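Notes follow once the structure below has been shown.
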Amino acid sequence: MKKFNQNFIFSTSTCAFQIEGGRELGGRKKSIWDDFTIKNFFIPKKNEPKREINSIKIASNFYKKYLNDIEIMSKLGVNGFVYNMDWARIMPDDSGIPNEKGLKFYENLFKNLKRKKIQPIPILYHWDTPIWLEKKGGASSRIFVKEFQNFAKIVFKRLGKYSNTWFTNDENSTFTTLSYLDSYNPPQKKNPKEFWKAVHYLNLSSAMAKKEFENAKKNGFVSKNAILGIDHDWNPAIPYDLNDVDDLKSCKIFNKYNLNLWLDPNLKGEYPKLFFKEIEKMNLNKIVKKKDLKLLKKYTLDLIGWNYYRPAIIASPKRLNEKIDWFNKPINFITKEAYIVFPKNQNYTDWKWLIKPENLFHGSKILKKRYNNKPIMIIENGIGNFDKKINGIVNDDFRINFLNEHIKMVQKALNEGINFIGYSLWTFIDIFSPSGGYRKKYGIVGVDFDDKNLKRYPKSSFFWYKNLIKNKNADWNKINYKKFKDEALNSLKEKIWK
Ligand code: BGP
């Protein structure tokens with residue numbers, strides 16, 4: 001197996017509205033997620049893998065505990081930390097003037113990460129539109145582009161020196177489909193016209209952020225060899241029947257709508273034809289100005305962030321009337337020519353997310369080819385499940401297996417010349433999950449949400465990842481779970497677990 005070279009980034013990822021808390025502190029003002037979680041508060045029955053919408057006012061209190069959490073990261077041995085800044089903490093109102101306390105918080109966070117030789121890997125935007133901007137139209141209005149550009153300019157000027165690896169957005173696809181095609185997440189617009197407008201303005205925003213990134217390099221705020229990427233949640237398509245020509249055709253269509261639509265604009269600088277076809281249908285041609293297309297072409301991004309949780313098993317529309325053994329109704333979001341299906345004979349998490357590590361490898365070859373071998377970093381990969389805590393630790397062998405099998409696919413891809421520069425695991429500690437609240441645990445460090453200090457504690461997976469990073473080229477087919485469980489138990493005495 002190819003070695004992970006010295007510069008390979010082993011990281012963990014998380015996100016402000018899910019971990020930070022301090023939502024009313026430090027000069028911060030509301031965003032769309034504050035009102036949404038208050039208005040839609042819902043706690044399902046215990047141990048039900050259902051959506052829990054809970055308060056994020058404190059979340060995992062990273063805002064107050066980040067210094068100790070950095071100590072834990074340092075023990076883990078990571079050299080990266082993917083984190084998105086909370087736009088409403090830096091720009092709490094529409095004055096265009098940043099909140100100094102907000103900038104100071106992120107400067108302290110990034111400075112202390114660097115002190116521990118952990119590179120901050122910031123993402124500018126992760127679904128959390130400030131409420132003042134939402135009131136002006138939010139992501140489905142052109143004003144979003146100007147405000148995002150101003151936000152990027154301010155962030156690069158103050159924080160640019162702390163990182164050479166930046167991203168503009170997290171998962172425009174998830175944000176727009178669940179918040180603009182559906183009303184699952186805020187701002188709950190559920191309107192196809194608003195969806196296509198948001199798609200365009202988010203893409204254009206990334207291009208304008210790149211313009212500010214280049215200016216920041218000229219002004220010395222960002223290092224000349226820093227790179228700016230886009231982070232996308234692509235679920236590579238797998239045909240329901242490998243030999244069925246219609247399923248294969250639907251896979252091709254699905255990948256156009258689930259990959260090309262989201263990465264071509266900012267990595268190739270042009271939209272796929274389907275985009276123009278769709279906006280034509282919506283009578284929205286006028287939202288895309290000629291100068292927009294020139295800007296997309298001029299300000300393309302350098303790097304692919306890939307959130308890989310699962311592939312998608314795709315069936316053609318002809319199967320909708322067939323009696324087929326799947327446990328969930330087929331779903332589609334944008335095109336009626338491809339449906340995601342859930343055959344019973346597959347391996348799923350408690351929340352019915354398909355588990356197939358091998359498609360990380362197969363998908364990486366598609367990304368290499370389509371985007372001319374641009375560097376790729378896995379920005380999110382993890383498994384959300386119920387955890388069982390016994391004698392102070394969680395022995396999460398299922399999580400170790402899941403993560404191990406996926407990292408092995410990154411290593412396999414490196415072996416085939418795929419330009420992976422890093423792997424970031426979702427997620428560092430237990431946090432708020434948009435689809436599972438605090439019951440759907442992703443952390444390799446546990447958080448005791450019943451403890452007033454939200455005490456952290458190690459899971460076996462923490463020590464598995466620590467050992468993997470230390471022996472980054474070991475043959476990880478043999479896993480000594482007992483060793484990791486013992487390490488977790490023995491380390492409980494250390495003062496960082498608070
Ligand atoms: C991604 C988001 C993350 C995280 C992850 C897990 O789409 O970028 O913020 O939430 O999904 O999803 P969930 O927590 O809903 O299981």
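Counting convention: from 1, in listed order, for ligands and their atoms alike. In this text the structure is predicted, and so the values were computed from the model without any measurement.
- Using a 3.5 Å distance cut-off with no hydrogens or angles, the side chains of N307 and D170 do pair a donor with an acceptor.
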Next item on the list: Walk me through it: do S424 and M377 pass the test side-chain contact (heavy atoms from CB on, under 4.5 Å)?
Entry: CA-CA 8 Å; S424 198; M377 183 169 172; 4.0 Å; yes
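- The shortest contact between atom 7 (O) of ligand 1 and any protein heavy atom is with E171 OE1, 2.5 Å.
- Remark: distances from the non-hydrogen atoms of D170 to ligand 1 include one below 4.0 Å.
- When ring centroids are compared, F148 and W87 come within the 6.0 Å threshold.
- Closest protein heavy atom to atom 14 (O) of ligand 1: S433 OG, 2.6 Å.
- At a 4.0 Å cut-off, not a single heavy atom of C15 sits close enough to ligand 1 to count as contact.
- For atom 12 (O) of ligand 1, the candidate residues are W127, W353, Y309; the nearest heavy-atom contact is made by W353.
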Notebook entry, point to check: Stepwise, does the side-chain contact (heavy atoms from CB on, under 4.5 Å) test hold for Y465 with I407?
Noted result: CA-CA 10 Å; Y465 197 40; I407 288 184; 3.9 Å; yes
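- In this structure, F432 and W33 have perpendicular ring planes: the angle between them is above 60°, well past the 30° mark.
- Within the structure, ligand 1 lacks F432 among the residues with a heavy atom less than 4.0 angstrom away.
- The protein heavy atom nearest to atom 8 (O) of ligand 1 is E380 OE2, 2.9 Å.
- Put simply, part of Y442 is less than 4.0 Å from ligand 1, judged by heavy atoms.
- Here the protein heavy atom with the shortest distance to atom 15 (O) of ligand 1 is S435 OG, 2.6 Å.
- Looking only at atom types and distance, the side chain of N255 has no donor-acceptor partner in the side chain of N258 under 3.5 Å away.
- A tilted orientation is assigned to the rings of F8 and F4, their planes being inclined by 30° to 60°.
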